[in-house]
Protein chains: 2
Amino acid sequence: MSRIREHNRELIIQAASEIFADQGYAATKIIEIANRAGLPKPNVYYYFKSKENLYRSVIESVIDPLLQAAQPFYEDDDPATVLEQYIIAKIKVSQQHPHASKVFASEIMHGAPHLPEDIAEKMMEQTIQSSNKIQSWVDRGLMDRVDPHHLLFTIWAATQTYADFDWQISRVTGKDNLSQQDYDTAAQQLTQLILKGCGVQTSKAAKAG
Amino acid sequence: MSRIREHNRELIIQAASEIFADQGYAATKIIEIANRAGLPKPNVYYYFKSKENLYRSVIESVIDPLLQAAQPFYEDDDPATVLEQYIIAKIKVSQQHPHASKVFASEIMHGAPHLPEDIAEKMMEQTIQSSNKIQSWVDRGLMDRVDPHHLLFTIWAATQTYADFDWQISRVTGKDNLSQQDYDTAAQQLTQLILKGCGVQTSKAAKAG
DNA sequence: GTCTATACGCGGATAGAC
DNA sequence: GTCTATCCGCGTATAGAC
């Protein structure tokens with residue numbers, strides 16, 4: 001595959017991510033994507049064959065950061081550490097990949113009609129791993145007897161909201177864009193809320209006890 | 001205005017809420033709305049003139065339950081009571097008006113292009129009232145020094161997720177529909193998380209203290 | 001007021017020249 | 001491989017019969 005080919009595909013995927021995120025699948029026009037990518041419309045079809053196919057490529061291109069965010073669950077077994085790192089990672093995704101987050105949110109909200117089954121399975125797999133781990137913490141008395149699913153739903157929603165509902169965030173905070181400081185505060189506040197709210201033993205206390 | 005006219009308008013609005021919620025504005029076809037309402041397509045245009053106009057009517061028809069949920073903030077001044085009642089009310093909206101919630105979520109996620117300014121102002125007004133009240137609790141030492149905006153973002157996201165991302169909820173819980181019990185559990189868990197996580201004095205303790 | 005039949009424009013997709 | 005010119009179907013909207 002040639003350099004130019006690779007480059008143009010990337011240009012198109014990038015432009016498409018932004019526009020699909022802003023407008024949703026149905027409202028997006030291929031010509032807008034072409035314009036933003038600086039290419040004529042038929043080139044988009046030349047590289048991706050159809051709108052639907054381009055959309056699937058976008059989904060695949062943005063899945064990686066979303067799946068990566070769950071790493072903390074695989075790398076540690078201390079609830080305070082894992083939950084804090086997970087929240088930080090999820091907020092970072094909202095900050096650094098807002099388009100990915102929105103494309104996914106839109107997709108899920110409308111019943112995931114275009115989500116490839118293998119991606120859906122990977123996410124389900126992660127969810128099972130994560131909730132099992134939370135359950136094991138509960139069983140070992142490391143935190144309150146929370147329902148792991150509900151806890152995950154809350155963490156997902158509270159972190160993704162900074163990307164998905166950025167219009168509302170902007171309006172309420174009176175800022176066009178959140179600063180690094182704002183994201184740090186969000187992560188810190190949410191971590192505090194979750195850890196304290198679930199009665200999680202801090203790692204220091206856990207190690208000392 | 002005649003009975004039939006009123007009745008047909010309601011039929012159409014109801015059908016339209018469901019389909020706009022499921023598919024989003026751009027993907028929705030008037031003929032589907034007409035079919036679900038059991039009327040011929042031109043009748044929809046006869047009553048609402050255009051798709052855009054119908055959509056605005058839908059938004060106006062679903063705004064009420066959403067605004068009503070903030071009542072607890074105006075009816076009491078005890079943080080434990082207000083936050084618990086607010087969370088219960090918000091979860092109830094997700095349960096009883098899932099279409100309203102989704103139409104709004106979709107609208108906000110795409111930058112609120114069709115949201116009438118007076119509605120946006122009412123919501124902003126409520127937000128200011130609510131966050132001022134939270135701030136006053138912080139100042140009076142009734143809870144931890146949380147940032148009111150971030151706390152509201154978390155409560156909004158965590159409660160709305162049960163309507164907006166129902167596909168994901170279904171998949172994770174393995175249930176097609178959540179039962180009354182499930183919603184009660186969600187509300188109870190989230191209330192516990194927020195109250196404990198923010199170090200809110202329970203009303204009993206507050207009154208005793 | 002209601003509905004059949006139809007106009008019309010937009011946007012996805014492609015033929016074919018370069 | 002690239003892009004101009006064009007096709008064609010779908011969905012919004014309406015004219016006009018009843």
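What you are looking at is a predicted structure, and each value in this text was computed from that prediction instead of being measured. In the text below, chain A, chain B and the rest are named by the order of the sequence lines, each starting its count at 1.
One can place CD of B/E6 at 11 Å from P of C/dG1, the figure rounded to the nearest angstrom. Rounding to whole angstrom units, CZ of residue A/R3 and C1' of D/dT2 are separated by 20 Å. With rounding to whole Å, A/I19 atom CD1 is found 13 Å from C/dG11 atom P. Atom CG of B/N53 is separated from atom P of D/dT12 by 14 Å (rounded to the nearest Å). When the C1' atom of C/dA13 is taken as reference, atom CD of A/E32 falls 17 Å away, rounded to whole Å.
Neither OP1 nor OP2 of C/dT14 sits under 4.0 Å from any side-chain N or O of A/Y46. Checking the phosphate oxygens (OP1, OP2) of C/dT14, no side-chain nitrogen or oxygen of A/Y45 falls inside 4.0 Å. The side chain of A/Y47 places an N or O atom within less than 4.0 Å of a non-bridging phosphate oxygen (OP1 or OP2) of D/dT2. In this model, the phosphate group of D/dT2 is approached by a side-chain N or O of A/N8 to a distance below 4.0 Å at OP1 or OP2.
With C/dA13, D/dA13, C/dG12 as the candidates, the nucleotide lying closest to the side chain of A/K29 is C/dG12.
Helix bend of the helix from C/dG1-D/dC18 to C/dC18-D/dG1: the angle between its two end axes, each built from five pairs, comes to 10° after rounding to 10°.
Heavy atoms of B/L39 sit nowhere under 4.0 angstrom from any nucleic acid atom. Using a 4.0 Å heavy-atom criterion, one finds that B/P42 contacts the bases of the nucleic acid, with or without backbone contacts as well.
Side-chain contact annotation: B/D184 with B/Q188, donor-acceptor N/O pair under 3.5 Å absent.
A/K133 pairs in a salt bridge (Lys or Arg N to Asp or Glu O under 4.0 Å) with only one of the listed residues (A/D76, A/D139, A/D77), which is A/D77. Of the candidates B/E121, B/E117, B/E125, B/E117 is the only one forming a salt bridge (Lys or Arg N to Asp or Glu O under 4.0 Å) with A/R171.
A salt bridge links B/E52 with B/R56; the closest basic N to acidic carboxylate O contact falls under 4.0 Å.
We find the CZ-OH distance between A/F73 and A/Y86 to be 6.0 Å, quoted to the nearest 0.5 Å.
For the side-chain hydrogen bond (donor to acceptor under 3.5 Å, both in side chains) condition, the pairs that include at least one residue of residues 30-44 of chain B, sequence neighbours left out, are B/E18-B/R36, B/Q23-B/E32.
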